[in-house]
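Every value quoted in this text rests on a predicted model; they were computed, and no experiment measured them. Numbered from 1 within each chain, the chains take letters A, B, ... in sequence-line order.
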There are 2 protein chains.
Amino acid sequence: MYKSIEEHITKHVSPTAKELYQFTSFLKEITIDKGQFLVEPGQIVKHKYFVIKGGLKAYYIDPKGNKHIIQFAVENWWVGDFDAYYNNVPSKLHIEVLEDSELLSIDYDSLQKIYDDMPIFERYYRILVTNSTIAQRKRILSSLEKNTQERYLEFCEAYANIENRVPNYDIANYLGVSPENLSRVRKQLKKLNIS
Amino acid sequence: MYKSIEEHITKHVSPTAKELYQFTSFLKEITIDKGQFLVEPGQIVKHKYFVIKGGLKAYYIDPKGNKHIIQFAVENWWVGDFDAYYNNVPSKLHIEVLEDSELLSIDYDSLQKIYDDMPIFERYYRILVTNSTIAQRKRILSSLEKNTQERYLEFCEAYANIENRVPNYDIANYLGVSPENLSRVRKQLKKLNIS
DNA sequence: CAATTCCATTGACCTATATCAATTAAGATA
DNA sequence: TATCTTAATTGATATAGGTCAATGGAATTG
């Protein structure tokens with residue numbers, strides 16, 4: 001059960017076997033079905049989640065009623081509303097389960113205790129969140145620099161395993177374009193590939 | 001000299017006086033003039049910087065030759081190319097000094113030593129980078145959700161002290177719009193304020 | 001298998017913003 | 001102050017992508 005999270009951790013830092021055991025002993029196993037919500041707006045968020053199996057999407061619905069996908073999460077990703085989790089403010093996000101999923105959760109208080117007792121895990125999260133910042137910077141640059149076609153190709157490359165698991169309108173949404181526009185871009189790409 | 005960085009640290013974590021002293025003893029003071037570059041593309045980045053006084057901008061020039069401002073930094077901000085710094089890859093960014101500035105720098109190896117010896121500073125950076133991730137998520141959402149006028153107003157609010165210190169074309173660039181368009185938006189806003 | 005629902009595609013049209021060119025305003029320098 | 005340079009503004013035009021409406025497929029459900 002804990003194999004994938006242990007691998008993920010040891011890919012980034014080197015805790016002792018005992019530390020690793022202590023860490024995983026705080027985790028709770030969760031199974032949740034497609035269509036369910038892990039987080040909904042207004043909720044106080046006490047957990048974040050590691051995906052063992054399945055897929056989810058995190059999105060925000062703005063005051064105009066438009067939906068904006070912030071993140072997809074599949075195997076070996078952490079997902080949650082980090083703003084709500086760390087700053088103890090009500091969530092503004094929906095986190096929806098796209099496929100029946102198995103997750104591990106860790107609650108805020110346990111994580112604080114882990115940070116206090118075993119700084120190696122503070123390092124683990126520092127590294128993860130640093131990587132996440134770098135990835136988000138790339139997303140910002142990408143939206144400034146590239147047109148829809150380029151961004152779509154980049155997405156397919158970066159999330160090869162996700163591309164066929166989520167509907168196109170969700171991909172369009174993630175890219176910040178209309179489904180119609182993405183459809184046209186895909187059509188153009190098909191032409192190019194065939195000829 | 002170290003007052004502002006010490007205040008910044010103790011706003012987020014609570015090191016002992018000794019730890020704080022040890023931390024600051026690794027810092028180097030730097031003065032650098034307007035127009036100079038802290039980082040340029042291709043460089044190996046060994047330092048990151050805390051702004052005591054002055055202002056800088058970090059930007060990327062894409063293969064098409066277009067410039068994209070990633071970040072402004074003024075007093076009490078950390079600035080650097082974190083991708084290059086942490087992943088030891090050549091920088092792709094320009095970090096340019098906008099006003100004569102006083103900075104503190106910390107080099108990578110010293111910071112690793114600090115992390116090893118005093119986990120409280122690992123926590124400090126974990127918190128900072130978490131906040132940075134949350135801020136970047138807001139920037140991504142903002143670009144998806146809001147039009148130029150709304151984003152400009154948001155910018156002026158969020159960076160009240162920056163707005164009058166950088167040229168409009170840099171603000172336009174940061175927002176991902178043309179200077180002409182920002183000019184028109186500003187014109188509209190003036191009308192609304194007067195009437 | 002038929003019915004239904006959801007999703008992708010296509011077409012027609014519209015809008016925000018980019019681009020290009022010219023002008024004015026503001027700063028910097030001699 | 002006059003000159004030069006840089007930035008901001010304005011106008012005219014072009015375009016990527018949005019929106020709305022209709023159609024065609026695919027997948028799910030009874």
In whole angstroms, how far is the P atom of C:dA8 from the CD1 atom of A:I171? 9 Å
If only side-chain N and O atoms of A:K190 are considered, is one of them under 4.0 Å from the OP1 or OP2 phosphate oxygen of C:dT9? yes
Over how many whole Å does the gap from A:N168 atom CG to C:dC7 atom P extend? 11 Å
For B:L175 and C:dA16, what is the distance between atoms CG and C1' respectively, to the nearest whole Å? 15 Å
Nucleotide nearest B:S178 (side chain, heavy atoms from C-beta), chosen from D:dT9, C:dT19, C:dT10: C:dT19
Should A:K187 be listed as having a side-chain N or O under 4.0 Å from OP1 or OP2 of C:dT10? yes
N-O pairing of B:D170 and B:K57 below 4.0 Å: yes
Whole angstrom is fine here: how far is it from CG in B:N181 over to P in D:dT10? 13 Å
Under a 3.5 Å threshold, yes or no: a donor from one side chain and an acceptor from the other, between A:Y115 and B:R123? no
Verify, without hydrogens or angle tests, whether B:N147 (side chain) and B:Q149 (backbone) share a donor-acceptor contact under 3.5 angstrom. yes
Do any side-chain nitrogens or oxygens of A:R186 fall under 4.0 Å of OP1 or OP2 in C:dT9? yes
May I ask you to decide whether A:D117 forms a salt bridge with A:K113, counting only side-chain N to carboxylate O separations under 4.0 Å? yes
Distance check needed: D:dT19 P versus A:N173 CG, whole Å only. 12 Å
Does a salt bridge link B:E7 with B:K3, judged by any charged N lying under 4.0 Å from a carboxylate O? yes
Which whole-number value in Å describes the distance from B:Y152 OH to D:dA8 C1'? 12 Å
Report each atom pair, protein N/O against N/O of nucleotides 20-26 of chain C, whose distance is under 3.5 angstrom.
residue, atom, partner, partner atom, Å
C:dC20, N4, B:E180, OE2, 3.1

If you measure from the Lys or Arg side-chain nitrogens to the Asp or Glu carboxylate oxygens, is any gap between B:R165 and B:E75 under 4.0 Å? yes
Check this one for me: any side-chain N or O of B:T148 less than 4.0 Å away from OP1 or OP2 of C:dT17? yes
Please pick, from D:dG17, D:dT9, C:dT17, the nucleotide with the shortest atom-to-atom distance to any side-chain atom of B:N147. C:dT17
May I have the distance from A:E150 (atom CD) to D:dA16 (atom P), rounded to whole angstrom? 12 Å
Could you state the atom-to-atom distance from CD of A:Q149 to P of D:dA16 in whole Å? 12 Å
Please pick, from C:dT10, C:dT17, D:dT10, the nucleotide with the shortest atom-to-atom distance to any side-chain atom of B:S183. D:dT10
Between B:H8 and B:F50, is a side chain to side chain contact (heavy atoms under 4.5 Å, CB included) present by the stated rule, with each step listed? CA-CA 10 Å; B:H8 192 261; B:F50 182 82; 3.8 Å; yes
